[in-house]
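The structure appears right after this line, and notes come after that.
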Amino acid sequence: AVCSLFEGALYVKARRAETAQRLLAVTAALAEALRALDGYRAYFSPNACGIAAFAHERIPSERIAQELSERYAIAVRGGLHCAPLAHKALGLSGGLVRASFAPSQGKEEVGALCRALREIPALNLFELCRELHEFFALARVQHGRELRAECVDLFIGQRPRALSLG
């Protein structure tokens with residue numbers, strides 16, 4: 001086991017400069033691509049470690065990570081990453097999405113990630129519409145044709161006037 005670890009360390013050391021250049025190029029490509037995506041903001045600079053963090057202005061990071069995993073088979077991490085005070089200082093309540101690239105990955109993977117990120121806000125809008133439809137259908141059953149302000153208040157967290165579906 002020690003010999004294998006030693007050989008692995010030699011392999012990494014011999015390719016350190018090449019690996020750093022590849023990861024720098026990959027993170028630079030992602031940073032550029034995120035600037036072109038509506039609602040997304042990068043919280044990283046191109047780097048030789050292959051680590052990129054970003055957020056969407058309306059969608060929590062955990063939701064983005066879940067969508068990427070379930071719909072696109074892309075593994076990222078979402079959340080506060082053991083640094084809640086850093087996120088608070090950045091003004092982020094929904095955390096960050098963190099992508100970690102390997103030296104074997106390149107611009108194809110960045111492209112796949114960005115195509116998925118472009119679709120996620122529309123998917124979330126569809127899900128919200130579906131949830132609203134289900135909520136109002138339930139409220140209609142429970143309260144007749146007129147929705148009371150208390151019912152709407154449960155969903156949107158405000159106190160609107162009664163809403164008629166008439």
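No hydrogens, no waters, no symmetry mates; every other heavy atom, side chains included, goes into these values.
By the side-chain contact (heavy atoms from CB on, under 4.5 Å) test, L10 is found to be paired with F6, E7, residues two or more places apart in sequence or in another chain being considered. Remark: L80 pairs with P84, H87 by the side-chain contact (heavy atoms from CB on, under 4.5 Å) rule, at least two apart or across chains. Evaluation of the side-chain contact (heavy atoms from CB on, under 4.5 Å) rule for S69 yields no partner, not counting sequence neighbours. With sequence neighbours excluded, no residue satisfies ring-ring contact (aromatic ring centres under 6.0 Å, His included) with F54.
Within the 3.5 Å criterion, the main-chain N or O of R58 finds a donor-acceptor partner in the side chain of H56. Remark: side-chain polar atoms of E119 are not paired, donor with acceptor, to backbone N or O of A116 under 3.5 angstrom. Between the side chain of S61 and the main chain of G79, a donor-acceptor pair closer than 3.5 Å is present.
A distance of 9.0 Å separates CD of E67 from CD1 of I64, quoted to the nearest 0.5 Å. Rounding to the nearest 0.5 angstrom, the gap separating the CD1 atom in I120 from the CD atom in Q66 is 10.0 Å.
Counting all heavy atoms, side chain and backbone alike, I74 lies closest to A112 at CD1-O, 3.9 Å. The two residues F44 and A53 make their nearest non-hydrogen contact at CD2-O, 3.1 Å.
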Can you give me every donor-acceptor pair (side chain of residues 21-37, partner residue at least two apart or in another chain, under 3.5 Å) with its distance?
residue: R22; atom: NE; partner: P103; partner atom: O; Å: 2.6
residue: R22; atom: NH2; partner: P103; partner atom: O; Å: 3.2
residue: R22; atom: NH2; partner: Q105; partner atom: O; Å: 3.2
residue: T27; atom: OG1; partner: L23; partner atom: O; Å: 2.9
residue: T27; atom: OG1; partner: L24; partner atom: O; Å: 3.2
residue: T27; atom: OG1; partner: N47; partner atom: N; Å: 2.8
residue: T27; atom: OG1; partner: N47; partner atom: O; Å: 3.1

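Using a 4.5 Å cut-off between side-chain heavy atoms of Ile, Leu, Val, Met, Phe, Trp and Tyr, L96 falls into a hydrophobic cluster with Y43, L90, L92.
Counted within 6.0 Å of CD on E57, heavy atoms from surrounding residues, nucleotides or ligands total more than 12; the atom is thus considered enclosed.
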### Task
Please lay out, stage by stage, how T19 and V12 fare under the test side-chain contact (heavy atoms from CB on, under 4.5 Å).
CA-CA 9 Å; T19 297; V12 169; over 6 Å; no
### Test side-chain contact (heavy atoms from CB on, under 4.5 Å) applied to F101 and V110, step by step
CA-CA 9 Å; F101 292 94; V110 170; 4.1 Å; yes
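For the pair Y40 and P121, the minimum side-chain heavy-atom distance is below 4.5 Å.
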